[in-house]
Trainee: 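One structure is given below, represented as C-alpha cells, and several questions about it will come after.
Bear in mind the structure is a predicted one, so any value in this text is a computation, not a measurement. Each ligand, and each atom within it, is numbered from 1 in the order the structure gives.
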Amino acid sequence: MSRLMRVGLVGFGAVARVHCAAYKSLSAVEVVGVTDKDPKQIDEAKNKFGLPVFPTLEEMLRVASLDIACVLTPAATHEKVVGICAAARVNVLCEKPLAVSVEACERMIAACRVAGVRLCYGASYRYLPALVVAREMIRNGELGRVLIIREYAVGGCGVDRRATLSDAHYPKGGPGGSGMGLVDHGIHLIDAFGWLLDSPVIGAQGRGNITGQPQGPEFAHLEYANGAVGQLLYEDGTYPTDLPQEGTFGWAGGWSVGENTVDIRPGAWQSHPGCIHVHGTHGSLRIFHYANIMLLRDKHGICQVRLPDQAFPSNFGLQLMAFANAIQSGGDTPVPGEVGLDACRTLLQIYASRNPPKIEQKDGASRYIRDLIK
Ligand SMILES: NC(=O)c1ccc[n+]([C@@H]2O[C@H](COP(=O)([O-])OP(=O)(O)OC[C@H]3O[C@@H](n4cnc5c(N)ncnc54)[C@H](O)[C@@H]3O)[C@@H](O)[C@H]2O)c1
C-alpha cells in the first residue's frame, strides 16, 4: 500500500474493541480518531487503549483527515451516522445490519453515491478463513451439488438470561430480539449462505422477534436459485443439548454470548462452538467458523481441512485491508452497500412471511414491518 490509511472509529462499544484488536497488527492503516456519544467510552478509548479521541463525530471528521470511517454504532443509528460521514466526503465501512428497512439502506447507498464516497458493508463472515476455504471447495465441486446449508444456534442459560438487545439497537415495533437471533446474528448467515453457494436467494420465509413483543424461537427457510435449501434456527432462552465432549478445542478465540466480548482464548475448549453445516451430494462440511476448524466427510471418511492461521479477529483486519486496498488502487469496493441492502431485504421478507397477520391483531406493528420492505 503506497501510504498509510487514516481510519476513524464511530462508536466505541463491544465490536469496536474487536476491530481495534484486529487493526493493531496492520501496518498499512492507523486509527487516528475515535468518537462515541457516551463520554465514558471516549475516556476508555483514550486512557485504556491510548487512542486519539474526539468529543463529536463532526469534530473528528473536520480535524482527523480520515480516509475511512468505521461505523460501529447500533443499527438504528447507521443511516444518520453514515449520512454525516458521506456529507464530509469520507469513505464508510458500516457494520451489519446496514439498516433495518430497505428504504434506509437505499438512502444510505444514495447518500454515499451523491457524495462520491464508497460505502462498504461490514460482512465480516466473508473474511473468516474457514468460510473462505469452504467457498473454494464448493466452487471446485469438492462437495458435489450442495443440497442443504444450515446453522442452528439453540442454547443459552434459560429464559431469564436471554440476551435481548435494547431498542437503542432495534427500535420498538421492528425486527429485534437476541444478539444471537435473526436480525443481529442471522443477518451474517443470510449474506454468507448465498455467497458460499454463489447463488441468489429466490425464496425466504420464517419467523423473527419484534422489539417490545414477547420473544420466542426464530427460524428461516431459504431457497436458492441452484436448488439448495438454507435453514437458520435460533433461540438462546433455553439450554444446549450438546454433551460436554461434543465441543472442540478452538484454534482461534471467539465471542461469548451474553458478555459479547472476545473472552474465549485461542486453544481453549469450546463446549458449544458456532457451527455451520454444508451438505453436498459428494461430501459434507462441518465448519466451526470462529474456532477455525473444519471437518470434511465424504466416501473416504472424515478428515480435518487445513485452514490458514488468520482466525478471529483477523477477519476484521482482512476486511478493512480489502477496503483500503480498493480505495488506493481504484478497484471495486469489496462488499458494497448493495450487499447489505440485499441481506436486509431477505431478512424482512422472512419477517413478512409470517409476522403481519399475527402482529396486526396486537398493535398494528405489522404495518411497520410491511413498510420496511417496500
Ligand atoms: N461483525 C460482527 O461480528 C459484529 C459483532 C457485534 C456487533 N456488530 C455490529 O456492530 C454494531 C455495534 O454493536 P456493539 O455490539 O458494539 O454495540 P454497543 O452497544 O456495545 O456499542 C455501540 C456504541 O456506539 C455508541 N453510539 C451510539 N450511537 C452513537 C452515535 N450516534 N454516535 C456515536 N456513538 C454512538 C454507544 O454509546 C456505544 O458505545 C452493530 O451494528 C452490531 O450489529 C457486528
Trainee: Considering Val183, Val15, Ile187, Asp36, which one's heavy-atom position lies nearest to atom 4 (C) of ligand 1?
Mentor: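 Heavy atom nearest to atom 4 (C) of ligand 1 belongs to Val15.
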Trainee: On a heavy-atom basis, I'd like to know which of Gly11, Pro74, Cys70 is closest to atom 27 (C) of ligand 1.
Mentor: Pro74
Trainee: For residues 120-142, which residue pairs pass the salt bridge (charged side-chain N to carboxylate O under 4.0 Å, His left out) check, not counting sequence neighbours?
Mentor: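 Passing the test, one end in residues 120-142: Arg126-Asp191, Arg139-Asp198.
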Trainee: Determine whether any heavy atom of Arg17 lies closer than 4.0 Å to an atom of ligand 1.
Mentor: no
Trainee: What about Tyr125 and Phe312, are their ring centers closer than 6.0 Å?
Mentor: no
Trainee: Counting only heavy atoms from other residues, nucleotides and ligands, does the tally under 6.0 Å from CG of Asp332 exceed 12?
Mentor: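 12 or below, so no.
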Trainee: For His282 and Arg145, test the side chains for any donor-to-acceptor distance below 3.5 angstrom and give the result as yes or no.
Mentor: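 No pair is found: no donor N or O on one side chain lies under 3.5 Å from an acceptor on the other.
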Trainee: Going by the atom numbers of ligand 1, which of them fall below 4.0 Å from some non-hydrogen atom of Thr77?
Mentor: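 Checking each atom against Thr77, I get 28 (N).
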Trainee: Tell me the nearest of Glu95, Lys40, Lys96, His188 to atom 42 (C) of ligand 1, using heavy-atom distances.
Mentor: Lys96
Trainee: Could you measure the distance from the CZ atom of Arg118 to the CG atom of Leu93? Nearest 0.5 Å is fine.
Mentor: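 Separation between the atoms: 12.5 Å.
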Trainee: Please determine whether any non-hydrogen atom of Pro97 lies less than 4.0 Å from an atom of ligand 1.
Mentor: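 The answer is yes: ligand 1 sits under 4.0 Å from a heavy atom of Pro97.
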Trainee: When you measure from the centre of the six-membered ring of Tyr152, is the NZ or CZ of Arg150 closer than 6.0 Å and no more than 45° off the axis?
Mentor: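 That pair qualifies as a cation-pi contact.
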Trainee: Output yes when the distance from some N or O of ligand 1 to some N or O of Thr73 is under 3.5 Å, and no in every other case.
Mentor: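 Yes: some nitrogen or oxygen of Thr73 is under 3.5 Å from one in ligand 1.
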Trainee: Which atoms of ligand 1 have any heavy atom of His78 under 4.0 Å away?
Mentor: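 Answer, ordered by atom number: 41 (O).
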Trainee: Taking 4.0 angstrom as the limit and counting only heavy atoms of Asp184, give me the atoms of ligand 1 inside it, by number and element.
Mentor: 43 (O)
Trainee: Looking only at heavy atoms of Tyr125, does any of them come nearer than 4.0 Å to an atom of ligand 1?
Mentor: no
Trainee: Go through the side-chain N and O atoms of Tyr23 and Glu30 and say whether any donor and acceptor fall under 3.5 Å apart.
Mentor: no
Trainee: For ligand 1, which atoms, with element, lie under 4.0 Å from some heavy atom of Gln41?
Mentor: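 Per the distance check, 39 (O).
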Trainee: Taking Ser314 for the side chain and Gly317 for the main chain, is one N or O donor matched with an acceptor at less than 3.5 Å?
Mentor: no
Trainee: Consider every N or O of Ala14 and every N or O of ligand 1, then say whether any pair is closer than 3.5 Å.
Mentor: yes
Trainee: Which of the numbered atoms in ligand 1 are below 4.0 angstrom from a heavy atom of Asp38?
Mentor: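 Heavy-atom distances to Asp38 below 4.0 Å select 37 (O).
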Trainee: Among Leu9, Val117, Leu320, Val29, find the residue that satisfies the side-chain contact (heavy atoms from CB on, under 4.5 Å) test when tested with Ile68.
Mentor: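 It is Leu320, the one option of Leu9, Val117, Leu320, Val29 that forms the side-chain contact (heavy atoms from CB on, under 4.5 Å) with Ile68.
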Trainee: What part of Ser124, side chain from CB on, backbone N/CA/C/O, both or neither, has a heavy atom under 4.0 Å from ligand 1?
Mentor: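 Within the 4.0 Å criterion, Ser124 contacts ligand 1 through side-chain atoms alone.
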Trainee: Which ligand 1 atoms are under 4.0 Å away from a heavy-atom of Gly13?
Mentor: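 Contacts of ligand 1 toward Gly13, numbered from 1: 16 (O), 20 (O), 21 (O), 23 (C), 39 (O).
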Trainee: Got a sec, which pairs hit ring pair (Phe, Tyr, Trp, His ring centres under 6.0 Å) with one end in residues 159-179, sequence neighbours left out?
Mentor: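 Found none.
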